[in-house]
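All values derive from a computational prediction rather than experimental measurement. First the proteins, then the strands, lettered A, B, ... as listed; each starts at 1.
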There are 2 protein chains.
Amino acid sequence: MPQQPATLDRLFQALADPTRRAVVERLGRGPAATSELARPFAMALPSFLQHLEVLERAGLVRSTKYGRVRTFRLTPQPLDAVEDWMTAQRRLWERRLDQFDEYVQTLKESES
Amino acid sequence: MPQQPATLDRLFQALADPTRRAVVERLGRGPAATSELARPFAMALPSFLQHLEVLERAGLVRSTKYGRVRTFRLTPQPLDAVEDWMTAQRRLWERRLDQFDEYVQTLKESES
């Protein structure tokens, strides 16, 4: 079982939506105010704010408010957990494929 | 916007659950029958089968049936899309951090 199931749940869930991924991509280029983030999306503001909330709960973005403007920035550290999980899986199945290759090689050698 | 939003949606969604991630981890070590996959989970079989369906729809597993036994195997290629997206994001924000470092360096040099 993964070390932090709840964290990984929240992260994968947060990334399972094209709007939220687009926000992560935008914030990867630097901080932005809510209005700027919302502009590319044909979506009511309350729906868009819910997407930002999901990202904030997953720890992928943080926001600060100055006057009436809320600015969001990416906090990409939690993505390490996603990458670590992916890397662990890749290691598992690549090791298995290597073992399969070795097995096929052994068969070939015993045939010749 | 990502190239394959629907595919990435399905993949991230499939991985946003600890049972489904555990199945991916298990199948990373080799194919397994439904009953063997279900054994570690305190879950009604129909609920467990739904998890397998989600993984199959995302293209992460395939199953074949011989007699009454259905065997599942990992088909990890779709995970490339997830890794590609993660890598693209990391590149974005690391480039931005580099630019920030350069900027700080320029400030330091102009001060001294």
Side-chain angles (χ1 to χ4, degrees), chain A residues 1-32 40-42 54-55 57-58 60-61 73-100 103, chain B residues 1-32 40-42 54-55 57-58 60-61 73-100 103:
Chain A
M1 294 289 287
Q3 272 190 306
Q4 310 163 296
T7 308
L8 281 175
D9 285 6
R10 268 198 299 272
L11 285 166
F12 280 120
Q13 190 63 59
L15 297 174
D17 178 278
T19 301
R20 293 197 290 266
R21 286 196 304 278
V23 168
V24 169
E25 290 169 21
R26 167 60 191 84
L27 293 179
R29 291 192 285 273
F41 302 101
V54 173
L55 288 171
R57 271 203 304 274
L60 287 171
V61 306
R73 68 196 66 242
L74 194 65
T75 46
Q77 296 86 338
L79 288 178
D80 289 350
V82 173
E83 289 188 311
D84 288 349
W85 188 84
M86 301 290 297
T87 306
Q89 300 322 303
R90 182 169 289 279
R91 231 173 260 148
L92 266 183
W93 75 68
E94 283 181 348
R95 191 164 56 197
R96 195 164 66 81
L97 291 179
D98 286 349
Q99 286 167 349
F100 184 72
Y103 172 69
Chain B
M1 294 289 288
Q3 272 191 305
Q4 309 164 296
T7 309
L8 281 175
D9 285 7
R10 268 197 300 272
L11 285 165
F12 279 119
Q13 189 64 58
L15 298 174
D17 178 276
T19 301
R20 294 196 291 266
R21 286 197 304 277
V23 169
V24 169
E25 290 168 23
R26 167 59 192 83
L27 293 178
R29 291 191 285 273
F41 302 102
V54 173
L55 288 170
R57 273 204 303 275
L60 287 171
V61 306
R73 66 197 68 243
L74 194 66
T75 47
Q77 296 86 339
L79 288 178
D80 289 351
V82 172
E83 288 188 313
D84 288 350
W85 187 84
M86 300 290 297
T87 306
Q89 300 322 303
R90 182 169 289 280
R91 230 172 261 148
L92 266 183
W93 75 69
E94 283 182 348
R95 191 165 57 199
R96 196 165 65 82
L97 291 179
D98 286 349
Q99 286 167 350
F100 183 72
Y103 172 70

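The two residues E25(B) and L92(A) come nearest to each other via the heavy atoms O-CD1, 3.5 Å. Taking both residues in full, the closest heavy atoms of F12(B) and L15(A) are given as CD1-O, 3.2 Å, listed atom of the first, atom of the second, then distance.
One distance of note links CH2 of W85(A) with CG of L79(B); it measures 6.5 Å at 0.5 Å rounding.
Applying the salt bridge (charged side-chain N to carboxylate O under 4.0 Å, His left out) rule to D80(A) yields the partners R90(B); only residues at least two apart in sequence or on another chain are considered. Partners of R20(A) by salt bridge (charged side-chain N to carboxylate O under 4.0 Å, His left out), not counting sequence neighbours: none found.
Using a 4.5 Å heavy-atom threshold, the side chains of D17(B) and Q13(A) count as separate.
Among A88(A), G28(A), P40(A), the residue making the largest number of heavy-atom pairs under 4.5 Å with chain B is G28(A).
Residue R91(A) qualifies as open at atom CZ: its count of foreign heavy atoms under 6.0 Å is 12 or below.
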message: Under the criterion side chain to side chain contact (heavy atoms under 4.5 Å, CB included), I'd like the reasoning laid out for R21(A) against D9(B): C-alpha separation, chi angles, the key distance, then a yes or no.
response: CA-CA 9 Å; R21(A) 286 196 304 278; D9(B) 285 7; 2.9 Å; yes

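Contacts between L27(B) and chain A at a heavy-atom distance below 4.5 Å involve the backbone alone (N, CA, C, O).
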